[in-house]
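Please read the structure below before turning to the comments.
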Amino acid sequence: MSASAPEPDAATPRAGAIAALEMRGISKTFPGVRALSNVSLQAYPGEVLALMGENGAGKSTLMKILSGAYRADPGGTIAVNGQPVSIDGPQAAKSAGISIIYQELALAPNLSVAENIYLGNELSHAGQLDRKAMAEACRPILERLGTPFGPNTLVGSLSIAEQQLVEIARALHAKSRILVLDEPTTALSARETDRLFALVRQLRNEGIALIYISHRMAEIYELADRVTVLRDGSCVGTLEREELSADAIVRLMVGRELSSFYTKTHDAEAVLGPVVLEVDGITDGARVKPCSFALHRGEVLGVAGLVGAGRTELARLIFGADRRAGGSIKLEGKPIAPRTPKQALDAGIAYLTEDRKGLGLFLDMSCGSNINVGVIDRDAAAGGRLNLQRARERAMGAFQAFRVRAASPLVQVGSLSGGNQQKVLLARLLETGPKVLILDEPTRGVDVGAKSEIYRIIDELASKGLGVLMISSDLPEIVGICDRVLVMREGSIAGEVGGTTGVPVTQENVMVHAAGLAA
Amino acid sequence: MSDFEPVSGNTNPEPGSVLAGTGTGTGSAPAAPSHGGAGLSARQVRLRATLQATGMLPVLIILAVGFHLLGGHRFLTAQNLSIVAQQASINCVLAAGMTFVILTGGIDLSVGSILAASAMGALIVSLLPDFSGLAIPVCLGIGAGIGALNGLLVAYAKLPPFIVTLGSLTAVRGLARLMGSDNTVFNPNLSYAWLGNDGLHILPGFAIPWLAIVAMVVIVLSWYVLRRTVLGVRIYAVGGNPAAARLAGINVPLILLFVYALSGALAGLGGVLSSARLYAANGLQLGQSYELDAIAAVILGGTSFVGGVGSIWGTLVGALIIAVLSNGLILVGVSDIWQFIVKGLVIIGAVALDRFRQGSGVRT
């Protein structure tokens with residue numbers, strides 16, 4: 001079997017075969033919420049089963065039952081290789097041969113690769129850690145995975161992608177035959193993703209059953225032999241490889257047809273209109289080489305490029321979040337020199353961070369407070385007294401305008417799904433009344449339904465005359481909603497497509513510049 | 001409840017992806033009942049929700065009733081409660097300032113020393129014939145000044161709060177001793193001594209101590225600032241996520257400077273109250289280890305040590321618990337030595353409780 005192409009044959013080992021993992025009739029009830037009802041899925045040796053569903057559909061709960069973090073309600077069964085097993089804790093999952101690699105990796109950065117692989121069942125010799133034996137035992141597994149590092153490397157010195165390999169090595173070392181990957185590519189670059197995919201195929205061909213959780217349609221196409229879709233805690237269908245299509249998956253996930261996934265109704269002539277933001281030779285002296293561009297009123301200007309091309313750094317320079325080493329910024333023709341985010345916001349530039357939880361939201365605070373935090377000083381009465389009435393109005397208004405799905409603005413924002421959190425953060429920025437909106441990966445970690453709504457919001461804002469600068473690694477989305485695209489590579493603007501360039505905005509044209517292949 | 005109170009609640013249809021809220025309400029602000037939980041039984045979830053809603057208030061009530069029964073029905077009398085209120089008040093004032101600091105994720109170890117230095121300043125000024133009226137302003141000024149210095153080092157030099165205030169704990173203690181040449185300064189005619197020894201006579205034979213009134217005013221003003229002003233929201237925001245606060249356009253260093261200066265000023269107020277009570281100040285002994293009681297009160301009150309979550313009412317309950325423990329243990333005849341042990345264990349127990357309330361501390 002070839003190691004690269006998912007051949008149709010790969011999907012047939014289950015003709016008469018015993019499932020490596022069979023979950024049947026799994027339900028899980030939390031006080032007040034039924035998270036899973038009667039979910040069944042099978043994963044066969046030597047196949048990649050993709051598990052899809054919007055945030056909140058029950059994927060994580062199902063995987064937590066598999067890992068022993070939760071116990072399913074009585075009535076369901078789990079069988080491994082046809083033998084019923086009872087998974088009542090992490091140890092039971094491990095001995096059943098199940099390993100789960102979460103988005104947030106669970107490694108000790110201060111220990112070596114081998115020590116991490118052996119964490120919990122260290123080899124010892126007369127009460128002393130036998131580091132040598134552990135390292136030697138790990139070596140063949142690391143070689144099998146083709147890792148560029150050895151067993152004695154400190155985990156903290158490895159990249160995220162390499163740490164993921166350590167997790168996979170740990171799973172293989174534990175003789176796992178069922179491997180769950182939970183959104184493994186979120187933090188990976190394109191090249192690292194390719195390498196991971198090759199490894200996933202290798203493991204599949206070695207007969208391991210892989211369950212692959214992802215939001216990214218392209219990855220599902222590339223890897224999956226079958227796709228099981230969850231919605232609202234129920235299994236709504238399983239698609240065979242030959243039935244896979246974006247429409248079919250989205251229809252199952254959302255439960256309705258998405259008439260148009262990308263909305264683009266704003267005036268495409270905006271690229272010829274008046275300039276709202278003019279950036280000239282802006283640089284931080286390190287990761288951002290002098291960059292110049294103009295953003296027009298009512299235009300959606302995409303910024304594409306590979307991870308590490310300096311896109312976020314450029315946005316932060318314009319927003320005053322990092323120190324500029326040179327260059328100038330003009331807003332509506334007037335020079336501005338923001339040295340702090342506050343100055344940029346006051347001037348009329350808002351920035352949506354790519355790191356929603358780390359740099360965006362106040363997770364302990366209510367949605368209402370998160371929406372209002374940028375404008376409370378404008379609304380406040382003398383002496384800084386909060387205008388609670390106005391704050392409530394703003395919060396309710398934003399909830400309606402953005403269709404935030406939460407019981408009320410009093411709900412803690414940390415308890416919302418990614419899409420709704422993003423809407424809350426977006427609402428905060430828009431309450432400040434910006435003229436220029438910089439969006440950094442606005443749909444990262446957002447489910448399909450909310451993605452479409454965010455595109456609609458962006459389109460509406462452009463129609464109202466805002467200049468939108470949108471950084472994104474999701475090429476279909478760049479192509480879908482941008483009028484013009486700047487492509488960054490190694491800290492510089494390497495090219496431009498769309499607008500007046502005469503080059504149409506297509507994935508290929510963008511990639512040509514991103515990869516440095518332009519003549 | 002306003003839009004600005006961090007409210008517990010969980011409407012996510014995927015429970016477990018989110019832990020039940022971290023709980024802030026104590027007494028006045030009951031948290032919404034949470035119906036999520038990380039693999040807990042229904043009983044545990046209910047218990048946790050109850051704990052979040054009521055904070056440490058039940059502990060306070062149980063302690064008070066317990067001491068009343070064990071102490072020969074002498075605890076819950078008007079006279080004794082007035083003494084407890086008096087004992088709690090100085091710690092209450094310090095703990096209010098500490099609440100602001102801990103809400104930003106910091107700590108202020110220097111409040112006991114600041115209290116001593118500012119009380120020394122007040123006494124010295126009160127002995128100057130022409131300037132005795134300036135004693136209280138000078139006292140507050142010294143406190144705010146030293147607090148602002150702490151704040152400058154934390155906010156602009158970006159030094160860790162623990163280190164900065166540990167340093168000033170020692171240095172300011174030395175300053176306090178230097179001010180009186182290591183002697184006790186005494187003023188039998190202290191103009192503001194009524195503040196420490198008199199009260200508001202509401203009934204014949206019963207007065208509310210001025211100390212307690214001052215403490216209550218401080219608590220209510222703190223509540224107002226934290227929950228009803230722009231500044232308060234920003235303090236919670238800075239504590240909850242400083243990086244996000246900066247990107248949201250908040251001047252984070254200014255907020256930090258404010259909370260340390262305020263903590264210092266309230267320590268100065270503590271100096272006013274202590275010196276009023278004693279007619280004297282001593283640079284060596286006054287305010288020794290007061291910072292620990294203040295921190296304990298804040299933590300007992302459920303304010304999170306990492307910042308962003310907590311309430312001033314919790315701090316009030318915490319300060320009262322400490323005062324009730326001190327008073328009650330004496331009343332039931334527990335020795336001084338055992339009081340230390342019991343108080344320490346109660347603090348550890350409370351932090352354990354805090355952990356339980358926050359679940360495993362994982363936030364998604």
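The two residues A/Lys342 and B/Gly249 make their nearest non-hydrogen contact at CD-O, 3.2 Å. Between A/Asp364 and B/Gly307 the shortest heavy-atom distance is OD2-O, 4.5 Å.
Few gaps surround OH on B/Tyr224; more than 12 heavy atoms of other groups in view lie less than 6.0 Å from it. By the neighbour-count criterion of 12 heavy atoms within 6.0 Å, atom CZ of A/Arg378 is densely surrounded, having more than that number from other residues, nucleotides or ligands.
Heavy atoms closer than 4.5 Å to chain B are found nowhere in A/Thr432, neither backbone nor side chain. Using a 4.5 Å cut-off between heavy atoms, A/Leu361 touches chain B through its backbone atoms (N, CA, C, O) alone. The contact between A/Leu345 and chain B is made entirely by side chain atoms (from C-beta outward), counting heavy-atom distances below 4.5 Å. The contact between A/Arg316 and chain B is made entirely by side chain atoms (from C-beta outward), counting heavy-atom distances below 4.5 Å.
Ranked by heavy-atom pairs under 4.5 Å with chain B, the list A/Ala344, A/Gly358, A/Gly320 is led by A/Gly358. Comparing A/Leu425, A/Asn370, A/Asp377 by heavy-atom pairs within less than 4.5 Å of chain B, the highest count is held by A/Asp377. Note: A/Gly360 leads A/Gly360, A/Ala380, A/Gly374 in heavy-atom pairs under 4.5 Å with chain B.
Side-chain atoms of B/Arg228 never come within 3.5 Å of backbone atoms of A/Leu386 as a donor-acceptor pair (strictly under, hydrogens ignored). In this structure, the side chain of B/Asn241 engages the main chain of A/Lys357 through a donor-acceptor pair within 3.5 Å.
To the nearest 0.5 angstrom, B/Leu247 atom CG is 10.5 Å from A/Leu352 atom CG.
At a heavy-atom separation below 4.5 angstrom, chain A is approached by no residue within residues 251-269 of chain B.
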- Could you walk me through whether A/Asp379 and B/Val230 pass side chain to side chain contact (heavy atoms under 4.5 Å, CB included), step by step? CA-CA 9 Å; A/Asp379 291 345; B/Val230 173; over 6 Å; no
